[in-house]
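Please read the structure below before turning to the comments.
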Protein chains: 2
Amino acid sequence: MTRHGESARTPVPTLKEIADVAGVHASTVSRALRPTRPGREPSAEVRRIRALADEMGYRPNFIAAGLRTQRTRTIGVVIPRLADGVIASLCQAIEATATAAGYQILIATPPDEVEPQLRSIDLLQDRQVDGLLITSLHLGHPEMLARMRASGVPTLAVNRTGNDSITAVTADDRTGGRLATEHLLELGHRRIGIIAGPRHASTAWRRTLGYRDALTRAGIPVDDQLIVHTDFEVEGGIAGANLLLDLPEPPTAIFAVNDTAAVGALGVARDRGLRIPDDLSLVGYNDIPLVGQLPVPLTTVRSPAAEVGVSAVEQLLLGMSGGEMSARTLPVELIVRGSTTGR
Amino acid sequence: MTRHGESARTPVPTLKEIADVAGVHASTVSRALRPTRPGREPSAEVRRIRALADEMGYRPNFIAAGLRTQRTRTIGVVIPRLADGVIASLCQAIEATATAAGYQILIATPPDEVEPQLRSIDLLQDRQVDGLLITSLHLGHPEMLARMRASGVPTLAVNRTGNDSITAVTADDRTGGRLATEHLLELGHRRIGIIAGPRHASTAWRRTLGYRDALTRAGIPVDDQLIVHTDFEVEGGIAGANLLLDLPEPPTAIFAVNDTAAVGALGVARDRGLRIPDDLSLVGYNDIPLVGQLPVPLTTVRSPAAEVGVSAVEQLLLGMSGGEMSARTLPVELIVRGSTTGR
DNA sequence: TTGTATGCGTTATCAG
DNA sequence: CTGATAACGCATACAA
């Protein structure tokens with residue numbers, strides 16, 4: 001009877017078992033199995049051992065190797081809201097880049113609150129990850145930094161910024177927010193509402209900062225009534241749009257800081273009999289694949305989620321090999337489609 | 001200088017270091033730190049040791065413990081197409097359930113091809129995962145089964161079925177496909193096209209099977225021209241809809257086996273000047289949050305992605321504790337909205 | 001190049 | 001209940 005209670009399993013052989021069959025010492029097998037230095041031919045003995053290991057179905061035990069070398073070839077990823085398509089794209093890019101570099105990723109996708117996220121960091125560190133990627137919404141939280149520092153594991157913020165003391169790879173959200181708003185201003189809109197996402201999410205507030213930038217540059221005073229905070233989901237878009245459109249002096253255009261919320265706003269417009277873009281202009285953010293195919297395709301800002309993931313892993317790999325990680329801010333692009341028009 | 005080249009890090013203390021300070025043996029610390037049996041008070045000595053460990057910032061090393069116990073408290077998840085929102089929801093549910101049970105998840109999201117997926121399975125097994133969840137599209141592939149058997153690790157198919165020899169937790173895709181098609185039949189449609197997804201994806205072909213079921217029951221011969229295979233993305237929906245609508249005798253209704261493809265079809269309808277639902281009825285699949293908010297909200301089938309994830313982890317936990325895993329097929333629900341009408 | 005010995009941090013077994 | 005010891009599987013410093 002085996003540990004898990006199954007019956008017949010072919011046990012994976014260990015180095016020692018290979019060695020016994022080969023008539024050499026385990027350490028010899030260990031050495032024979034490690035990659036030959038480039039340019040050098042493996043000796044006949046090495047080839048023999050490798051063939052035997054292969055035949056016996058040898059597979060290295062990463063746990064044992066990790067204990068010995070103090071390197072697990074594992075990257076921890078703390079990534080709340082994984083169910084969101086944009087976040088998932090980011091995650092897939094992280095995984096692909098890590099895998100290509102010989103790393104695996106250990107994922108935690110805790111709720112959007114500080115405590116669970118701290119627990120996630122601890123758990124990943126307990127598993128001796130070689131590096132840590134964090135897309136938390138609460139990076140500014142002091143305890144967060146303390147935890148990240150504690151273990152000395154190279155840690156990088158992805159898609160978010162917190163404190164300056166942690167290196168971050170993000171998209172240029174502030175510019176994105178400004179581009180979206182400037183586009184509406186150029187079309188002649190003067191009352192522009194913004195569905196601004198959660199207060200504690202740096203992506204959201206940086207896009208909102210860009211919105212403020214644009215208005216300020218245009219000499220238009222910022223009306224705080226026009227800034228509504230909600231969540232990133234469809235429901236948030238619905239709630240936000242209703243708040244804005246119920247104002248005594250409602251906006252003629254709405255900028256939602258993500259596409260999902262923009263679609264929620266779309267539903268509200270539909271229910272109120274407002275035509276897009278004639279009665280209301282709408283701008284989203286992220287350019288998720290769906291929004292280009294809507295009956296009225298959505299004007300939006302394309303944010304390079306996959307590139308952010310790739311770049312983050314690259315920086316982290318650098319950090320893990322003793323180098324200095326540097327912050328990256330990747331460019332975004334305004335995609336003008338049919339949901340915005342002049343007035 | 002530490003391994004990774006940083007300077008000042010507070011090294012995490014080991015059991016031995018705690019023991020030295022406490023003036024006891026490491027094994028005593030180990031025992032003191034494991035949970036007291038419920039109902040029993042921890043002794044004064046145990047409390048003293050725990051307080052000291054806490055004060056010194058002790059964190060258990062899972063790698064070392066795993067080597068010793070042969071249990072890593074890790075579940076491997078092979079989950080292609082993670083960038084898809086539905087898959088990501090499934091993944092998040094898996095993670096949450098696993099975390100709640102004290103497990104972490106190691107993720108691989110390989111491309112939709114056999115070879116990379118086999119590699120993913122091997123890599124996860126090399127890391128001594130205690131159990132394996134696989135949402136591969138290629139579960140039928142013989143090599144796939146061989147690999148899954150090889151290590152004796154409890155393995156479960158999620159969201160897919162392959163061969164009967166592997167236990168699976170899925171949604172009832174066949175019924176879903178039938179419900180969608182029956183709805184269109186009841187509305188009077190007789191030429192119903194289906195954007196049927198990839199041939200090798202069991203979810204897709206089971207939904208297609210349900211489509212065939214419905215037609216057969218209604219005594220309507222299946223016209224193979226009306227079944228077009230594409231991918232799961234927006235682009236697939238566009239290509240599929242174009243193929244169908246270019247037929248000499250085009251369908252009056254289209255059933256897309258996922259919402260994303262349905263939105264692609266929506267774009268095609270828009271470009272061709274076809275009104276939904278008057279000129280063309282459209283049914284999707286999954287009920288992603290967006291589609292309820294479209295100008296014409298989409299009729300679709302709600303598939304319980306999160307529940308599938310939860311149930312899969314529950315079954316796997318059962319299997320890992322020596323029990324017998326059993327197959328689950330979770331119910332789906334037709335959601336009728338505005339994109340379908342009679343003719 | 002090969003074998004020997006040691007240790008990574010933990011837990012299980014055994015004797016006291 | 002505690003301490004000592006061994007072992008998990010591997011990698012490496014050192015000696016041969």
Side-chain angles (χ1 to χ4, degrees), chain A residues 2-4 11-37 40-50 52-53 56-74 102 125-130 151, chain B residues 2-4 11-37 40-50 52-53 56-74 102 125-130 151:
Chain A
T2 63
R3 175 167 304 274
H4 294 309
V12 177
T14 68
L15 276 186
K16 173 135 183 29
E17 293 172 300
I18 309 285
D20 288 347
V21 176
V24 296
H25 194 269
S27 62
T28 307
V29 180
S30 174
R31 281 184 293 251
L33 258 34
R34 62 181 28 200
T36 319
R37 298 216 303 275
R40 289 183 59 90
E41 280 283 289
S43 72
E45 179 67 352
V46 166
R47 288 204 308 276
R48 181 180 77 90
I49 293 174
R50 286 186 182 174
L52 180 63
M56 292 177 68
Y58 175 73
R59 305 251 67 199
N61 183 324
F62 271 65
I63 298 295
L67 180 60
R68 174 63 233 245
T69 61
Q70 307 285 52
R71 299 186 63 211
T72 55
R73 302 213 138 255
T74 304
Q125 290 182 342
D126 290 350
R127 285 170 189 260
Q128 314 298 117
V129 295
D130 295 336
S151 67
Chain B
T2 64
R3 176 163 304 274
H4 295 309
V12 177
T14 66
L15 275 186
K16 174 138 185 22
E17 293 172 297
I18 309 285
D20 288 347
V21 175
V24 296
H25 195 269
S27 59
T28 305
V29 179
S30 174
R31 279 185 295 251
L33 258 33
R34 64 181 30 202
T36 320
R37 297 215 305 275
R40 287 182 60 87
E41 281 282 292
S43 73
E45 178 67 352
V46 165
R47 288 205 308 275
R48 182 180 76 91
I49 293 174
R50 286 184 184 175
L52 180 63
M56 293 177 67
Y58 175 74
R59 304 254 66 200
N61 183 325
F62 271 64
I63 298 295
L67 180 61
R68 177 63 234 241
T69 60
Q70 308 285 46
R71 299 187 63 212
T72 55
R73 302 216 136 253
T74 305
Q125 290 183 340
D126 290 350
R127 288 173 186 255
Q128 315 299 115
V129 295
D130 296 335
S151 67

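It should be emphasised that the depicted structure is a prediction, and the values quoted were computed from it without experimental measurement. Reminder, nothing fancy here: chain letters follow the sequence lines and each chain counts from 1.
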For [X] and [N], give me the distance from atom [atom1] to atom [atom2], rounded to whole Å.
| X | N | atom1 | atom2 | result |
| --- | --- | --- | --- | --- |
| A/R59 | D/dG9 | CZ | P | 16 Å |
| A/R73 | D/dC10 | CZ | P | 17 Å |
| B/I63 | C/dT10 | CD1 | C1' | 12 Å |
| B/R71 | C/dT10 | CZ | P | 18 Å |
| A/F62 | D/dG9 | CZ | P | 16 Å |

Smallest heavy-atom separation, A/A64 atom then B/L67 atom, equals CB-CD1, 3.6 Å
Proximal nucleotide (of [options]) relative to the [X] side chain:
| X | options | answer |
| --- | --- | --- |
| B/L67 | D/dC10, C/dG9, D/dT12 | C/dG9 |
| B/A64 | D/dC10, C/dT10, C/dT11 | C/dT10 |
| B/R68 | D/dC10, D/dT12, D/dC8 | D/dC8 |

Toward the 5' end of DNA chain D, by each residue's nearest nucleotide, B/V46 or A/A65: B/V46
Measure the shortest side-chain to side-chain distance between [X] and [Y] over non-hydrogen atoms and say whether it is less than 4.5 angstrom.
| X | Y | value |
| --- | --- | --- |
| B/T74 | B/R127 | no |
| B/T36 | B/R50 | yes |
| B/L52 | B/Y58 | no |

By the 4.0 Å heavy-atom rule, please label B/L15 as base, sugar-phosphate, or nothing. base
Between [N] and [X], is there an OP1 or OP2 to side-chain N/O distance shorter than 4.0 Å?
| X | N | answer |
| --- | --- | --- |
| A/Q70 | C/dG9 | yes |
| A/Y58 | D/dG9 | no |
| B/R40 | D/dC1 | yes |
| A/R127 | C/dG9 | no |

When the C1' atoms of the five terminal pairs at each end define the local axes, what inter-axis angle does the helix from C/dG3-D/dC14 to C/dG16-D/dC1 show, to 10 degrees? 40°
Assess the residue pair A/I18 and A/L33 against the criterion (side-chain contact (heavy atoms from CB on, under 4.5 Å)); give the C-alpha distance rounded to whole Å, side-chain angles, the decisive distance to 0.1 Å, and a yes or no. CA-CA 11 Å; A/I18 309 285; A/L33 258 34; 6.0 Å; no
Could you measure the distance from the OG1 atom of A/T72 to the CD1 atom of A/I63? Nearest 0.5 Å is fine. 8.5 Å
Listed in order of residue number, which residues of residues 16-33 of chain A have a non-hydrogen atom at under 4.0 Å from DNA chain D? A/S27, A/S30, A/R31
Please list, chain by chain and in numerical order, all residues satisfying side chain to side chain donor-acceptor pair (under 3.5 Å) with A/R48, sequence neighbours excluded. A/E45
Are B/Q128 and A/N61 close enough, and set up right, to give a side-chain contact (heavy atoms from CB on, under 4.5 Å), and what steps lead you there? CA-CA 7 Å; B/Q128 315 299 115; A/N61 183 324; 3.6 Å; yes
Keeping A/R71 on the side-chain end and A/D130 on the backbone end, is there a donor-acceptor pair under 3.5 Å? no
